[in-house]
Trainee: 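Following this message is one structure expressed as structure tokens.
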Amino acid sequence: MSLSKKSRVILHLDMDAFYAAVEIREDPRLAGRPLIIGHRGRRGVVSTCSYEARKFGVRSAMPSVTAERLCPQAIWLPGRMSLYAEVSRRILRILGEFTPTLEPVSIDEAFLDLTGVVADFGDPAPSDQAGPAMRARASRRRPVTTLEEGVTVARRMKDRIRITERLTASVGVAPNKFLAKVASDLEKPDGLVVLTIEAVSQRLWPLPIERLWGIGPRTAPRLHAAGLRSIGDLVASPAGLLDRLVGREMAEHLKALGRGEDHRPVEPDRESKSVSEERTYAEDLRDPDLIDRALLARAEGVARELRRGGLVARTVHLKVRTGDFTTFTRARTLPDPTDLAEVIVDTARDLFRDRIPIGQHGVRLLGVGVSGLQPVSARQTTLFVDPSEERARRAARVTDSVRARMGEKAITRARLLRRPRRNP
Ligand code: TTP
Ligand code: MG
């Protein structure tokens with residue numbers, strides 16, 4: 001199957017019985033037994049359980065007393081969050097080797113966009129023990145364009161997780177996030193399911209409406225009462241019925257999902273925080289020099305905050321509110337992530353100059369921010385280090401350490417103190 005240009009190859013990966021699987025890996029004597037992670041007793045709830053315990057009807061979020069009744073022979077463990085978090089980080093690192101467009105959703109779940117990502121389609125290395133001859137296999141590298149190619153990459157991903165972490169994951173491959181998420185759940189555990197638009201009527205429509213994003217415990221009973229139980233029921237419902245039940249906008253959203261349509265992008269930075277600094281001025285700023293100095297001061301603060309956190313940022317944001325209370329926000333993504341005020345202020349200046357129509361009004365509020373944060377250690381080391389950037393980074397480090405010892409005011413850029421000459 002070849003896909004049209006706009007088709008995407010989206011993966012959703014979800015670890016199987018995650019906490020329980022980690023415990024079983026740590027103590028193989030637990031394998032094959034009904035295992036429940038959670039606290040026993042009247043007020044406890046089940047975090048998760050092994051698939052053996054699920055056969056007895058035990059489920060996540062179930063009161064522990066119910067679980068004890070359903071499966072009295074189960075082994076109980078209280079759970080070790082820091083261990084699970086550590087395993088989760090290692091798995092995300094593995095996923096990150098396949099694509100940078102990776103959106104973690106929870107401790108054991110992530111979306112990946114593989115569209116156009118270059119992958120190796122040569123024969124997979126049979127195992128870690130493969131000798132040099134095996135490793136010399138032909139490499140066939142090309143961009144992923146079809147769902148089948150996505151499946152090949154998904155298989156590699158699952159293999160890597162199984163070999164290095166001794167855990168299984170279920171993966172859904174589809175043209176969008178919603179279908180990928182549904183697909184990853186269809187054949188758990190250790191599943192790998194591709195869900196095409198063509199298969200929506202066969203595989204999506206029989207599922208209960210609760211699988212649609214936006215139908216929660218309050219909406220579901222109302223739809224049930226109107227005779228809508230499956231996603232197919234909802235898609236085929238007479239015009240206007242759903243509008244009356246959930247409102248026009250929600251009805252459109254649900255029907256689109258029901259048809260297998262979902263245009264949301266995989267958002268790598270969704271989870272990560274941003275850093276920003278803004279200031280409101282008692283008198284609107286009109287003098288271009290003053291505005292420029294304000295931009296520099298905000299960029300300085302943001303850059304310092306990044307360096308303090310050992311972070312670099314990929315996207316620079318500018319926020320401007322003019323005297324008439326119109327607010328503009330603009331952003332630009334940098335070719336390389338940075339923690340330098342120089343780079344941040346240059347970008348902010350460009351955004352201000354090119355894209356903020358302040359008209360005859362002055363500037364009432366000015367903010368500079370960054371997002372797309374990552375640890376400085378994760379920044380790709382480029383072969384061509386820009387010497388002026390290296391100098392700036394060294395200077396920034398010195399400034400940071402002097403400020404740390406002598407206080408905030410010890411060093412202030414000359415530019416912030418005096419008005420610069422117009423054409424230096
Ligand atoms: P899930 O992915 O929902 O469950 P799971 O990985 O245990 O099982 P499945 O094979 O069905 O994916 O959640 C991931 C982890 O989050 C789970 O191992 C434990 C934790 N969790 C809770 O602590 N409470 C809950 O109610 C749920 C749903 C999960
Ligand atoms: Mg899971």
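First listed ligand is number 1; within each ligand, the first listed atom is number 1. Values below: all heavy atoms of this structure, side chains included; hydrogens, waters and symmetry mates excluded.
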Trainee: Give me the residue, atom name and distance of the protein heavy atom closest to atom 24 (N) of ligand 1.
Mentor: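 So the nearest neighbour among protein heavy atoms is S47 O, 3.4 Å.
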
Trainee: Taking non-hydrogen atoms only, is K188 closer than 4.0 angstrom to ligand 1 via side chain, backbone, both or neither?
Mentor: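 Under 4.0 Å from ligand 1, K188 contributes side-chain atoms alone.
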
Trainee: Report the residues that fulfil ring-ring contact (aromatic ring centres under 6.0 Å, His included) with Y84, sequence neighbours left out, ordered by chain and then residue number.
Mentor: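 Per chain and number, Y84 pairs via ring-ring contact (aromatic ring centres under 6.0 Å, His included) with Y19.
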
Trainee: If I apply the N/O under 3.5 Å rule, does I107 come out as touching ligand 1?
Mentor: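 In this structure, I107 places no N or O atom under 3.5 Å from an N or O of ligand 1.
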
Trainee: Tell me whether E86 is salt-bridged to R90, with the criterion being a basic N under 4.0 Å from an acidic carboxylate O.
Mentor: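 So E86 pairs with R90 through a salt bridge.
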
Trainee: Of all the non-hydrogen atoms in the protein, which one sits nearest to atom 28 (C) of ligand 1, and at what distance?
Mentor: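 Heavy-atom neighbour on the protein nearest atom 28 (C) of ligand 1: S60 CB, 3.6 Å.
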
Trainee: Starting from atom 15 (C) of ligand 1, find the nearest protein heavy-atom neighbour and note its residue, name and distance.
Mentor: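 The closest heavy atom on the protein side is Y19 CE1, 3.8 Å.
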
Trainee: Write out the residue and atom name of the closest protein heavy atom to atom 4 (O) of ligand 1, then the distance separating them to 0.1 Å.
Mentor: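 The closest heavy atom on the protein side is T48 OG1, 4.3 Å.
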
Trainee: Apply side-chain contact (heavy atoms from CB on, under 4.5 Å) to the pair F98 and V144, showing each step before the final yes or no.
Mentor: CA-CA 11 Å; F98 289 87; V144 173; over 6 Å; no

Trainee: Going by the order shown, which atoms of ligand 1 are within less than 4.0 Å of some heavy atom of F18?
Mentor: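 What qualifies from ligand 1 is 5 (P), 6 (O), 7 (O), 18 (O).
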
Trainee: Rounded to the nearest 0.5 Å, how far does CD1 of I209 lie from CG of L228?
Mentor: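 Reported to 0.5 Å precision, the distance equals 6.5 Å.
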
Trainee: Nearest 0.5 Å please: distance from the OG atom of S170 over to the NE2 atom of H12.
Mentor: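 Output value for this atom pair is 10.5 Å.
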
Trainee: Give the residue and atom name of whichever protein heavy atom lies nearest to atom 10 (O) of ligand 1, and the separation in Å to one decimal.
Mentor: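 I find the closest protein heavy atom is Y51 OH, 2.5 Å.
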
Trainee: List-wise, which protein N, O or S atoms are found short of 2.8 Å from the Mg ion (ligand 2)?
Mentor: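 The answer, once waters are left aside, is D14 OD1, M15 O, D108 OD2.
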
Trainee: Please confirm whether P189 comes under 4.0 Å of ligand 1, counting heavy atoms of the residue only.
Mentor: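 Not so, P189 does not reach ligand 1.
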
Trainee: Considering D108, T168, D185 one by one, which has a heavy atom nearer to atom 14 (C) of ligand 1 than any of the others?
Mentor: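 Nearest option to atom 14 (C) of ligand 1, by heavy atoms: D108.
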
Trainee: Does ligand 1 have a heavy atom under 4.0 Å from the side chain of Y84, from its backbone, from both, or from neither?
Mentor: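 Within the 4.0 Å criterion, Y84 makes no contact with ligand 1.
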
Trainee: Do NZ/NE/NH1/NH2 and the carboxylate oxygens of K188 and D14 come within less than 4.0 Å?
Mentor: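 Looking at K188 and D14, the cut-off is met.
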
Trainee: In plain terms, say whether D190 and K158 are close enough for a salt bridge, that is, a side-chain N and a carboxylate O under 4.0 Å apart.
Mentor: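 A salt bridge links D190 with K158.
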
Trainee: Can you spot which of R321, K319, R298 makes a side-chain hydrogen bond (donor to acceptor under 3.5 Å, both in side chains) with E278?
Mentor: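 The single option meeting the side-chain hydrogen bond (donor to acceptor under 3.5 Å, both in side chains) with E278 is K319.
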
Trainee: For a salt bridge (Lys or Arg N to Asp or Glu O under 4.0 Å) check, start with the C-alpha distance between R156 and D159, then their side-chain angles and the critical distance, and finish with the verdict.
Mentor: CA-CA 5 Å; R156 295 246 163 106; D159 286 348; over 6 Å; no

Trainee: If you round to the nearest 0.5 Å, how far is CD of E97 from CZ of R93?
Mentor: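 Answer for the CZ-CD pair, R93 versus E97, is 9.5 Å.
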
Trainee: Do D233 and S230 have a side chain donor and acceptor closer than 3.5 Å?
Mentor: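 The criterion, which ignores hydrogens and geometry beyond distance, is satisfied for S230 and D233.
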
Trainee: Below 3.5 angstrom, do we get any N/O pair linking V46 and ligand 1?
Mentor: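 No, there is no polar N/O contact under 3.5 Å.
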
Trainee: Less than 4.5 Å apart, side chain to side chain, heavy atoms only: is that true for L167 and I91?
Mentor: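 Counting from C-beta outward, L167 and I91 do come under 4.5 Å.
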
Trainee: Could you see which bit of R54 sits under 4.0 Å from ligand 1, with heavy atoms only: side chain, backbone, both or neither?
Mentor: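 R54 to ligand 1: side-chain contact only, backbone stays beyond 4.0 Å.
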
